[in-house]
Amino acid sequence: MERLQKVLAEAGIASRRKCEEIITAGRVQVNGEVVTTLGVKVNSAEDEIRVDGRAIGQQKKIYVILNKPKGVITSATDPEGRKVVTDYLPGIRERVYPVGRLDYDTEGLLLLTNDGEFAHLLTHPKHHVPKTYQATVKGVPHGTLLEKLKTGIQLEDGMTAPAEVEYADVNMEKNESIITITIYEGRNRQVRRMFEAISFPVIKLKRIKFGPIFLTGLPRAKYRHLTPKEVEELRNEALTTHNVQKGQ
Ligand code: URA
């Protein structure tokens, strides 16, 4: 048996705090009875729990794309009170979770959903969903170095799988280059570590594409709902076989 507000929060209704408000407002029924007190314990496998008349587990699925600013944590909550990505979803009442992660200092495309199965599908390493980044680096790495990133480079957790790498822009005045890189893995700080390995540390990193979905047109710190077609395309992308050789 578990507390009702915990069961509701885990079913993705809202945060635990918001679920308490939902209970005291009389919006929750357990086995046909309205429950407004907070101590009530329920068995989520046996009790029939409804919020606003709708059985939990049958919640509307929400899929959003956020243009994450840098300086924000990819997490639903932060015990230290720092800015988190869900702070940028003012119109979303449901509890949504990030699909994978972007570093604190990385900006750009982040997907969030309350559909656990969808998130799992897209982040599972065996599905190799491609992710494209724009990396700004100091200096102009020559072609043979970029070739190394393309074919695979040794990192402390092993060789990287082949990647697509090309120059997007070179700014001679600032001595900086912007390099577009697509990776088929999702290791921790992978892009930054790949560039560090060729001694061209990243000074700015932005994700611009996730599977078939582009960030284009979405202003920084704004979000929008994905269309059903985009959700379908993402699912298909995850289920497509990418012939990615594993790094050795
Ligand atoms: N690679 C990184 O180094 N950082 C990210 O946030 C994403 C990919």
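Numbering of residues begins at 1 and proceeds along the displayed sequence. Not measured: the values here are computed from a predicted model. Only heavy atoms go into these numbers, but all of them, side chains included; no hydrogens, no water, no symmetry mates. Both ligands and their constituent atoms are indexed starting at 1 by order of listing.
- Note: no N/O pair closer than 3.5 Å links Arg193 and ligand 1 by distance alone.
- Within the model, atoms CZ of Phe195 and OH of Tyr133 stand 12.0 Å from one another, a figure rounded to the nearest 0.5 Å.
- Taking each of Leu205, Thr106, Val202 in turn, the one with a heavy atom nearest to atom 2 (C) of ligand 1 proves to be Leu205.
- Residue Tyr133 places no N or O, backbone or side chain, under 3.5 Å from any N or O of ligand 1.
- In terms of polar-atom proximity, defined here as any N/O pair under 3.5 Å, Val191 does make such a contact with ligand 1.
- Residues Glu48 and Arg50 are paired through a salt bridge, judged by an N-O separation under 4.0 Å between the basic side chain and the carboxylate.
- Ser75 and Arg101 share no donor-acceptor pair across their side chains, judged by distance under 3.5 Å alone.
- Residue contact check: Leu102 has heavy atoms under 4.0 Å from atoms 6 (O) of ligand 1.
- The salt bridge (Lys or Arg N to Asp or Glu O under 4.0 Å) analysis of residues 125-146, with sequence neighbours excluded, yields the pairs Lys138-Glu176.
- Heavy-atom proximity to atom 4 (N) of ligand 1, evaluated over Asp103, Ile183, Leu110, is greatest for Asp103.
- A search for ring-ring contact (aromatic ring centres under 6.0 Å, His included) contacts involving Tyr223 returns nothing, not counting sequence neighbours.
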